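Below are the structure tokens for one structure; questions will follow.
This is a predicted model, so every value here is computed, not measured. All chains are named by letter (A, B, ...) in the order of the sequence lines, taking the proteins before the strands, and each is independently numbered beginning at 1.
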Amino acid sequence: MGAAKKLKMNPRELATRVVEHLDLESIADNIEIAGPGFINIHLNDSWLSLQAESTLNHASLGINPTKPSQTVVIDYSAPNLAKEMHVGHLRSTIIGDTMARTLRYLGHTVIAQNHVGDWGTQFGMLLAHMKSLQSDSEALSMQLGDLETFYRAAKTRFDKEEGFADVARDYVVRLQSGDQECYDLWQQFVEVSLSHCDAVYERLGVLLTRDDLMPESAYNDDLANVVADLDAAGMITENDGAKCVFMEEFKGRDDTLLPAIVQKSDGGFLYATSDIAAARYRHSQLKADRVLYFVDARQGTHLAQVFAIAKKAGFVPETMSFEHMAFGTMMGKDGKPFATRTGGTVKLTDLLDEAEQRAFNLVSEKNPDLDEASRRKISGLVGIGAVKYADLSKSRTSDYIFNWDTMLSFEGNTSPYLQYAHARVRSLFAKAGEVDTSAKISIAEPAEHQLALTILRFSEVLELVEKDGTPNSLCNYLFELAGNFMTFYEACPILKTEDKAIRSSRLQLSQLTADTLKTGLGLLGIAAPDRM
RNA sequence: GCGCUGGUAGCUCAGUUGGAUAGAGUAUCUGGCUACGAACCAGAGGGUCGGGGGUUCGAAUCCUCCCCAGCGCGCCA
């Protein structure tokens, strides 16, 4: 109908003429024109059967690598090492992980970049606090055991204790100028914080490792160069002692131009500077074709400035694709963003503990015969999966309110539903005995028809995720697939069917469903156990 | 003031380039377990898609003006 508009034709008339020229005898049972000009093509069952068979025989479910293959840098997770990871870090980490998995699956080269916040003013405060505790190493290591408390203690002193703020600022300068003592203290702190991140990543089952770290501090030596190069390009304006880049397209209050400050009046650099350095590095060293930033929507203006500056300065090609895959803020139940300073946030580890506990209770209730170790294992996969899915299944851009119960639900559109559909198939095969894996698929029932149609749409969904960075479209698809399977399962007897050919065909369809579910869940970083 | 998001069923949310009677989950109600696994299935009710105007054969979707909410807007990250 879009074509009809361009041709200025009546859509129904165009549809009629298109249908006259269609030759789909081998594919469609029936072609009809409906409504304002839709062409409905009723795919015939034998064609669908053939497609399903070839998908089943295909090495990766009919998915062919995207061409040309790209080098894609994905910037995600990036927690601030000064504090413990909280629920607000979930989105970037999990969505980025899904994108990394999906793009790799589609044949791209993915370079993960975990741009952790390990640099900047707040570390001065932490180091000063560490230093004063250093004489008592036991107390120090104990306090570091709980980063949240440690941070608060340092913050309190920074705000209230006379002279402490000056000491803290001095530590920042010493750290950034390479003072060995400061550096050692800093390393000690960062190590504690990173091992905490490692543990969270491990529990979440995300692929990030230390190899993917490219912390802010790594760009430190390049920051002066960035400013010098911007200056050489004639882009620096000095304002109240600070070095700024002004661009026409960025306006602030009262229509004045909004600066990107790249160097403070005291000589220090800012995160705009390191982000510009990172953009340049990703082009020149990592050779990225595409760079995806899974970063809070509130950084929108900042990143737009960074991309524009890097391009204008010639640090990266004008045509290079920098995409801010913004996501919304997780709000508290008062509808306001979690205020980390007041401690209103939920620790990620606490959320995961609760998820596993609730899942364990449910698994134990459903499977009292299983031994505890198995129940623990399954409840880990189910509980963590539920948390991840709850986040992944929402549209990326909108804000949402954190709620324990929706986050930890195991019914309806949740990952346990998908895992359950998968487990049901596995259970069929566990009971089926010998299975003919080369059996013909023959589709006859409406439920079979619908299931096959949905299975065949997998690749188009992955393309959408690849382009838009929207894991929720994959979630929606998998939910639909699982739902179609549940309907098929209720409507079409499989093991109980007398007819050998029908039984084999339905088992083949089930296999295809399980493979697609398992693969899809795998791309979401969620496991699909055989029992649950 | 300018800019970016968003406002869809009681609640939580989908809705891909403008298309058919706006869909799920949840909650409520009705059915279905001597199980190919009830974490499920079948069905019912529930909507002025924030409001007005416009473009179009056709708008939740595009344009415009309002209202509401969250966020961003000079030396934190």
message: Is the distance from the ring center of A:F485 to that of A:H422 below 6.0 Å?
response: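 No - the distance between ring centres of A:F485 and A:H422 does not fall below the 6.0 Å cut-off.
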
Side chain of A:E411: nearest nucleotide among B:C75, B:A14, B:C40?
->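 Per side-chain heavy atoms of A:E411, the pick is B:C40.
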
- Rounded P spacing from B:A14 to B:C29 in Å: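 Per the computed distance, 28 Å lies between those P atoms.
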
If you only use heavy atoms from C-beta on, which nucleotide in B:A38, B:A14, B:A77 is closest to the side chain of A:Y271?
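Looking only at heavy atoms from C-beta outward on A:Y271, the closest nucleotide is B:A77.
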
Check the surroundings of atom CD in A:E249: do more than 12 heavy atoms from other residues, nucleotides or ligands lie under 6.0 Å from it?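 Enclosed.
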
Is there a donor and acceptor pair, one atom on the side chain of A:N40 and one on the base of B:A20, closer than 3.5 Å?
->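 Indeed, a donor on one side and an acceptor on the other fall under 3.5 Å apart.
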
C1' spacing across the pair B:A35 / B:U30, given as an integer number of angstrom: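 Between the two C1' atoms, the distance is 22 Å.
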
**OP:** Mind telling me if B:G25 is syn or anti? Syn here is a glycosidic angle within 90° of 0.
**Re:**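 Anti conformation for B:G25.
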
* Asked: Does any N or O donor sit under 3.5 Å from an N or O acceptor when you compare the side chain of A:S427 with the base of B:G37?
  ->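 Side chain to base: pair found, below 3.5 Å.
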
- Item | Opposite nucleotide pairing with B:A59, Watson-Crick or G-U, both atom distances under 3.5 Å |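 Its partner: none found.
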
Legend entry - Aro-ring/base stack A:Y420-B:C40, d under 5.5 Å, angle under 30°: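 Check failed, A:Y420 does not stack on base of B:C40.
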
Residue pair A:T487 / A:N484, side-chain donor-acceptor N/O under 3.5 Å |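 The criterion, which ignores hydrogens and geometry beyond distance, is not satisfied for A:N484 and A:T487.
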
What distance, rounded to whole Å, do you find between the two P atoms, one in B:C40 and one in B:C49?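 It comes out at 32 Å once rounded to the nearest Å.
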
| query | Does the A:E216 side chain pair with the main chain of A:Y271, one donor and one acceptor, at a distance under 3.5 Å? | reply |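 Not at all, since once roles are kept as given, no pair shorter than 3.5 Å links the two residues.
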
